[in-house]
Colleague: 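This structure is in structure tokens; I'll ask about it shortly.
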Amino acid sequence: MRFNKLDLNLLVALNALLTERNISRAAVRVHLSQPAMSNALARLRAYFEDELLVPSGRQLIWTPRAEALVEPVREVLMRIDSTIAVQPRFDPATASRAFTLLVSDFTTTVFVPALLERLYHEAPGVRIDLRMQYTNPAEILEQGDADLLIIPAQYASPDHPSQPLFEENYMCVTWTGNRHIQDRLSFEDYLAAGHVLANFSGAAQTPAFDGWFLERFGITRRVEVTAPTLAALPSLVVGTDRIATVHRRLAERVRHLLPIRIWEPPLEIPKLVQMLQWHKYRNNDLALAWLRNCALEVGAQI
């Protein structure tokens with residue numbers, strides 16, 4: 001199909017090229033060969049009378065014309081996907097659709113198993129692709145590369161709809177043999193201890209609790225160990241005098257498996273509110289609406 005002499009199939013290739021800024025990765029993204037993607041780029045350059053992507057060192061960068069096309073092209077494709085390509089009916093019992101969810105390891109541990117159990121019985125043909133939030137998750141949602149994003153409320157994008165999924169409190173965890181924290185945990189003990197915390201290399205935001213703590217008290221904790229996962233924190237204090245501040249559900253899951261003690265924090269910590277977010281152009285997707293409803297019902301029960 002052509003519109004104003006533009007082969008509309010080239011819009012998909014253009015979106016991939018503008019997103020990846022790499023011919024090989026763009027080809028993989030839309031299941032084309034590299035020569036076919038190179039040919040598509042040549043045709044796009046001829047149509048727009050612009051290079052679109054130019055070499056800069058070892059990478060390709062947008063020309064001003066290409067940069068102006070990024071959002072309009074993405075929006076056009078998202079609107080097509082949400083209005084024309086969407087199925088008018090959805091039967092979970094017979095569906096074979098795949099969904100991509102962006103989740104933290106905390107959400108994967110405490111929420112996802114219950115969701116998968118429900119989907120297994122209600123929609124056995126539905127496939128779930130779980131992806132970690134090591135890059136900017138809001139951008140991935142914006143690009144249409146994920147169906148649902150589960151993220152703390154303070155990091156949810158204001159540009160897309162969202163709903164509260166579940167709430168979580170924080171607890172402190174120490175080794176049972178901790179020499180300095182035995183009968184009670186004071187705020188002074190908390191500050192004096194070495195801390196174990198999560199540090200996600202490449203993540204776009206500070207973990208929710210750490211950002212709040214710094215803003216509230218104007219001081220940083222003495223960090224002695226960082227880990228790329230939230231779920232591992234309780235085990236990393238064992239055998240030391242260190243302390244970790246972790247989500248309550250994570251602590252409760254391992255309290256009988258590890259020689260640890262769980263303490264109420266010696267400070268008031270706001271609840272973590274996990275939000276379920278989706279792209280604004282996907283509101284009319286019946287399959288996604290069904291999945292959102294399943295997720296919200298599971299979130300209310302965990």
Colleague: Between Ile243 and Ala193, which heavy-atom pair has the shortest distance, and what is it?
Modeller: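 Answer, listing the atom of Ile243 first, then Ala193: CG2-CB, 3.7 Å.
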
Colleague: For atom CD of Glu264, decide whether the heavy atoms of other residues, nucleotides or ligands shown that lie under 6.0 angstrom number more than 12.
Modeller: no

Colleague: Does a side-chain heavy-atom distance below 4.5 Å link Val225 with Leu233?
Modeller: no

Colleague: Can you confirm whether the side chains of Asp189 and Ser186 place a donor and an acceptor under 3.5 Å from each other?
Modeller: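 Their side chains do contain a donor-acceptor pair, which is all the 3.5 Å distance test asks for.
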
Colleague: Measuring from Arg29:CZ to Asn15:CG, what's the distance to the nearest 0.5 Å?
Modeller: 6.5 Å

Colleague: Would you mind reporting whether Ile150 and Leu165 have side-chain heavy atoms less than 4.5 Å apart?
Modeller: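 A side-chain contact under 4.5 Å exists here.
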
Colleague: Could you go through the side-chain contact (heavy atoms from CB on, under 4.5 Å) check for Arg21 and Trp62 one step at a time?
Modeller: CA-CA 8 Å; Arg21 286 182 276 190; Trp62 297 324; 3.6 Å; yes

Colleague: Please name the pair of heavy atoms, one in Met275 and one in Ser162, separated by the smallest distance, quoted to 0.1 Å.
Modeller: CE-OG, 3.5 Å

Colleague: Identify whether the distance between the nearest side-chain nitrogen and carboxylate oxygen of Arg118 and Glu297 falls below 4.0 Å.
Modeller: yes

Colleague: Not counting sequence neighbours, which residues clear salt bridge (charged side-chain N to carboxylate O under 4.0 Å, His left out) with Glu139? List them please.
Modeller: none

Colleague: Looking at every heavy atom in both Val273 and Pro164, which two are closest together, and how far apart are they?
Modeller: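 So the minimum-distance heavy-atom pair works out to CG1-CB, 4.3 Å.
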
Colleague: Would you kindly confirm whether Ile181 and Tyr190 end up in one hydrophobic cluster when ILVMFWY residues are joined by side chain heavy atoms under 4.5 Å apart?
Modeller: yes

Colleague: Taking atom OG1 of Thr107 and atom NE2 of His247, what is their separation to the nearest 0.5 Å?
Modeller: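 Between Thr107 OG1 and His247 NE2, I get 8.0 Å after rounding to 0.5 Å.
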
Colleague: Would you indicate whether the side-chain heavy atoms of Leu250 and Phe106 approach each other to under 4.5 Å?
Modeller: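 Yes; the side chains approach each other to less than 4.5 Å.
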
Colleague: Under 6.0 Å from the CD atom of Gln301, do we count more than 12 heavy atoms belonging to anything else shown?
Modeller: yes

Colleague: Kindly indicate, with the supporting measurements, whether the criterion side-chain contact (heavy atoms from CB on, under 4.5 Å) is fulfilled by Leu10 and Val12.
Modeller: CA-CA 5 Å; Leu10 288 177; Val12 177; over 6 Å; no

Colleague: Among all residues two or more places apart in sequence or in another chain, which pass the salt bridge (charged side-chain N to carboxylate O under 4.0 Å, His left out) test with Arg74?
Modeller: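 Here the qualifying residues are Glu71.
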
Colleague: Given side chains that start at C-beta, do those of Phe99 and Arg127 come closer than 4.5 Å, heavy atoms only?
Modeller: no

Colleague: Do you know the tightest heavy-atom contact between Ala146 and Leu141?
Modeller: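 That closest heavy-atom pairing would be O-CD1, 3.8 Å.
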
Colleague: Cation-pi check for Trp175 against Arg261: NZ or CZ below 6.0 Å from the six-membered ring centre and within 45 degrees of the axis, yes or no?
Modeller: no

Colleague: Can you tell me how far NE2 of His279 sits from CD1 of Ile140, rounded to the nearest 0.5 angstrom?
Modeller: 13.0 Å

Colleague: Stepwise, does the side-chain contact (heavy atoms from CB on, under 4.5 Å) test hold for Cys172 with Leu185?
Modeller: CA-CA 9 Å; Cys172 294; Leu185 173 63; 3.7 Å; yes

Colleague: For residues Glu142 and Ser157, is any side-chain donor paired with an opposing acceptor at under 3.5 Å?
Modeller: no

Colleague: Taking all atoms of both residues into account, what is the closest heavy-atom pair of Leu115 and Val298, and its distance?
Modeller: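 So the two residues come closest at N-CG1, 3.8 Å.
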
Colleague: Going only through I, L, V, M, F, W and Y residues with side-chain contacts under 4.5 Å, is there a path from Ile61 to Val70?
Modeller: no

Colleague: Can you tell if the side chain of Asn169 reaches within under 4.5 Å of the side chain of Ile269, non-hydrogen atoms only?
Modeller: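 They are not in side-chain contact.
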
Colleague: Would you call Ser104 and Pro152 a side-chain contact if the rule is heavy atoms closer than 4.5 Å?
Modeller: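 Not touching, per the 4.5 Å side-chain cut-off.
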
Colleague: Walk me through whether Asp159 and Lys280 qualify under salt bridge (charged side-chain N to carboxylate O under 4.0 Å, His left out).
Modeller: CA-CA 8 Å; Asp159 300 324; Lys280 58 188 176 184; over 6 Å; no

Colleague: Sort out for me which residue in Leu18, Leu11, Leu44 forms a side-chain contact (heavy atoms from CB on, under 4.5 Å) with Leu69.
Modeller: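 One option only clears the test, and that one is Leu18.
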
Colleague: Could you pull out all donor-acceptor pairs under 3.5 Å where a side-chain atom in residues 253-260 meets a protein atom, sequence neighbours excluded?
Modeller:
from, atom 1, to, atom 2, distance (Å)
Arg253, NH2, Thr109, O, 3.3
Arg255, NH1, Glu252, OE1, 3.1
Arg255, NH1, Glu252, OE2, 3.3

Colleague: Indicate whether the side chain of Gln34 and that of Ser24 have a donor and an acceptor atom separated by less than 3.5 Å.
Modeller: yes

Colleague: Which residues pass the salt bridge (charged side-chain N to carboxylate O under 4.0 Å, His left out) test with Glu168, sequence neighbours left out?
Modeller: Arg248, Arg249

Colleague: Do Trp278 and Asn283 get their side chains close enough for a donor-acceptor pair, meaning under 3.5 Å?
Modeller: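 A donor-acceptor contact under 3.5 Å links the two side chains.
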
Colleague: So which atom in Gln133 and which in Ile151 form the shortest heavy-atom distance, rounded to 0.1 Å?
Modeller: OE1-CG1, 4.3 Å

Colleague: Charged N to carboxylate O below 4.0 Å: is that the case for Arg97 and Asp285?
Modeller: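 Yes, this pair counts.
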
Colleague: Within this structure, what is the CG-CG distance for the pair Leu276 and Leu291, rounded to the nearest 0.5 Å?
Modeller: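 Leu276 atom CG to Leu291 atom CG measures 8.0 Å (nearest 0.5 Å).
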
Colleague: Should the pair Asp145-Arg131 be classified as a salt bridge under the 4.0 Å nitrogen-to-oxygen rule?
Modeller: no

Colleague: So, the side chain of Thr19 versus the backbone of Ala16: is there a donor-acceptor pair under 3.5 Å, distance only?
Modeller: no

Colleague: Would you call Asp50 and Arg45 a salt bridge, taking side-chain N to carboxylate O under 4.0 Å as the test?
Modeller: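 Salt bridge: no.
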
Colleague: Applying salt bridge (charged side-chain N to carboxylate O under 4.0 Å, His left out), can you list everything that pairs with Arg222, at least two apart in sequence or on another chain?
Modeller: Glu224

Colleague: I'd like to know if the side chain of Asp105 reaches the main chain of Thr229, judged simply by a donor and an acceptor atom lying under 3.5 Å from each other, with no hydrogens or angles considered.
Modeller: no

Colleague: Does any non-hydrogen side-chain atom of Leu17 lie less than 4.5 Å from one of Leu41?
Modeller: yes

Colleague: Taking atom OH of Tyr120 as the centre, does the number of heavy atoms from other residues, nucleotides or ligands within less than 6.0 Å exceed 12?
Modeller: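 No - once you tally the heavy atoms of other residues, nucleotides and ligands closer than 6.0 Å, there are 12 at most.
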
Colleague: Does Glu117, at its CD atom, have more than 12 non-hydrogen atoms belonging to other residues, nucleotides or ligands within less than 6.0 Å?
Modeller: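 No, not enclosed.
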
Colleague: So if you build clusters from Ile, Leu, Val, Met, Phe, Trp, Tyr with side-chain heavy-atom gaps below 4.5 Å, do Leu32 and Leu77 land together?
Modeller: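 Yes, because Leu32 and Leu77 connect within a single hydrophobic cluster, where side-chain heavy atoms sit under 4.5 Å apart.
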
Colleague: For His180 and Thr174, run side-chain contact (heavy atoms from CB on, under 4.5 Å): C-alpha distance rounded to whole Å, both residues' side-chain angles, the deciding distance at 0.1 Å, then the answer.
Modeller: CA-CA 10 Å; His180 307 298; Thr174 61; over 6 Å; no

Colleague: Taking side chain as C-beta onward, heavy atoms only, is Thr245 less than 4.5 Å from Val173?
Modeller: no

Colleague: To the nearest 0.5 Å, what is the distance between CG (Asn178) and CH2 (Trp263)?
Modeller: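 One finds 8.0 Å between CG of Asn178 and CH2 of Trp263.
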
Colleague: Is the gap between the ring centers of Phe187 and Phe217 under 6.0 Å?
Modeller: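 When the ring centroids of Phe187 and Phe217 are compared, they turn out to be within the sub-6.0 Å range.
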
Colleague: Within the distance-only criterion (no hydrogens, no angle test), does the side chain of Asp241 pair as donor or acceptor with the backbone N or O of Arg179 below 3.5 angstrom?
Modeller: yes

Colleague: To the closest 0.5 Å, what do you measure between OH (Tyr47) and CD (Glu49)?
Modeller: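 Going from the OH atom of Tyr47 to the CD atom of Glu49 covers 10.0 Å.
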
Colleague: Show me the side-chain donor-acceptor pairs of residues 53-60 shorter than 3.5 Å, one per line, residues at least two apart or across chains.
Modeller:
none

